[in-house]
Amino acid sequence: MSLLVRNEFMKLKRLKSIYVIFFLSFLPFLINGIGLLTMNENTDWNKFYMFVFNQYSILFPTVIFIFSGFYFYLEFKNKTMLNWMSYPYHKFKLILSKLAAAFLFLFLISSINHVIHLTTLFFFFGEDVTANDLF
């Protein structure tokens with residue numbers, strides 16, 4: 001199973017659309033973070049965190065569905081679906097490996113995005129927020 005997941009990651013590495021997925025996942029953070037920080041009103045860290053996080057929670061499920069559908073569509077578009085299904089593995093393992101690779105990739109994007117969000121939070125509101133406030 002790990003060989004199949006590794007092969008799926010090798011396929012992901014060659015895709016140019018991965019950069020679009022990275023950009024789309026960071027888009028709400030960029031737009032709303034810049035918008036909130038340029039507003040003239042006094043913003044606290046809690047408002048900043050919830051403002052950006054709420055926008056991220058709206059767009060990221062859309063990114064998940066678009067990426068997952070596109071990831072399976074590539075096999076069909078490249079006419080490799082029959083080749084892929086003719087591997088000497090059970091079809092369930094093939095599909096599960098593709099889903100596992102997509103999940104791990106999207107989890108990595110989400111983790112990176114959240115770390116950048118928290119880093120920005122500490123950078124702009126470092127004196128007001130502690131780690132205990134976040135947990």
Side-chain angles (χ1 to χ4, degrees):
M1 183 71 174
S2 66
L3 175 68
L4 293 173
V5 174
R6 249 186 305 154
N7 287 341
E8 293 301 325
F9 273 119
M10 295 300 267
K11 289 180 191 176
L12 274 176
K13 190 172 79 170
R14 285 182 261 145
L15 290 178
K16 301 283 190 247
S17 63
I18 297 299
Y19 303 114
V20 174
I21 299 298
F22 269 117
F23 178 73
L24 282 178
S25 69
F26 290 107
L27 190 64
F29 172 72
L30 293 173
I31 290 172
N32 296 312
I34 292 170
L36 187 66
L37 292 174
T38 57
M39 292 173 68
N40 291 333
E41 66 183 57
N42 190 10
T43 59
D44 60 339
W45 71 269
N46 196 17
K47 184 176 179 182
F48 174 79
Y49 180 82
M50 292 310 290
F51 189 76
V52 174
F53 185 76
N54 285 337
Q55 295 297 320
Y56 180 71
S57 66
I58 290 171
L59 184 66
F60 194 67
T62 307
V63 170
I64 290 172
F65 287 116
I66 290 171
F67 174 73
S68 300
F70 180 73
Y71 193 41
F72 280 96
Y73 172 72
L74 281 178
E75 296 289 342
F76 179 75
K77 183 183 126 191
N78 295 336
K79 296 182 176 38
T80 57
M81 183 66 82
L82 293 177
N83 295 344
W84 183 63
M85 289 296 189
S86 67
Y87 290 164
Y89 297 101
H90 196 269
K91 288 178 180 60
F92 181 74
K93 281 189 176 182
L94 293 171
I95 293 172
L96 188 64
S97 67
K98 195 172 269 299
L99 287 174
F103 171 77
L104 291 172
F105 174 72
L106 291 170
F107 184 76
L108 177 72
I109 287 177
S110 179
S111 300
I112 291 171
N113 200 337
H114 197 66
V115 166
I116 290 174
H117 186 189
L118 291 177
T119 304
T120 307
L121 184 73
F122 283 117
F123 181 72
F124 287 109
F125 303 101
E127 64 277 351
D128 297 335
V129 65
T130 63
N132 291 334
D133 292 334
L134 298 175
F135 299 111

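In this chain, residues are counted from 1 in sequence order. Small disclaimer: the values here were computed from a predicted structure and weren't measured.
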Q) Who pairs with L96 by side-chain contact (heavy atoms from CB on, under 4.5 Å), at least two apart in sequence or on another chain? A) M1, F92

**Q.** Atom of A100, atom of V5 and distance for their closest heavy-atom approach
**A.** CB-CG2, 4.1 Å

To the nearest 0.5 Å, how far apart are [atom1] in [X] and [atom2] in [Y]?
{"X": "H114", "Y": "T119", "atom1": "NE2", "atom2": "OG1", "answer": "10.0 Å"}
{"X": "L12", "Y": "Y71", "atom1": "CG", "atom2": "OH", "answer": "3.5 Å"}
{"X": "L94", "Y": "L99", "atom1": "CG", "atom2": "CG", "answer": "11.0 Å"}
{"X": "F60", "Y": "F26", "atom1": "CZ", "atom2": "CZ", "answer": "9.5 Å"}
{"X": "L106", "Y": "N113", "atom1": "CG", "atom2": "CG", "answer": "12.0 Å"}
{"X": "I95", "Y": "F72", "atom1": "CD1", "atom2": "CZ", "answer": "6.0 Å"}

Q) With sequence neighbours left out, which residue pairs that include part of residues 93-107 fulfil the side chain to side chain donor-acceptor pair (under 3.5 Å) condition? A) E8-K98, E75-K98

Q: Evaluate the ring planes of F67 and F105, with Trp represented by its six-membered ring, and classify them as parallel (under 30°), tilted (30 to 60°) or perpendicular (over 60°).
A: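 Tilted.
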
Q | Within 6.0 Å of CZ in F76, more than 12 heavy atoms from elsewhere | A |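 Count not over threshold, so no.
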
Q. Does atom CZ of F23 have more than 12 heavy-atom neighbours from other groups under 6.0 Å away?
A. no

**Q.** Heavy-atom side-chain contact between F70 and I21 under 4.5 Å
**A.**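 Of all side-chain heavy-atom pairs linking I21 with F70, none is under 4.5 Å.
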
Q.
If we check side-chain contact (heavy atoms from CB on, under 4.5 Å) with I112, which of these qualifies: I109, V115, I116?
A. I116

Q.
If we check side-chain contact (heavy atoms from CB on, under 4.5 Å) with I66, which of these qualifies: V63, T62, I64?
A.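 Of all the options given, the one that passes is T62.
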
Q) When clusters are formed by joining ILVMFWY residues with side-chain heavy atoms under 4.5 Å apart, either directly or through shared neighbours, do I18 and L108 land in the same one? A)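 Linked, I18 and L108 end up in one cluster.
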
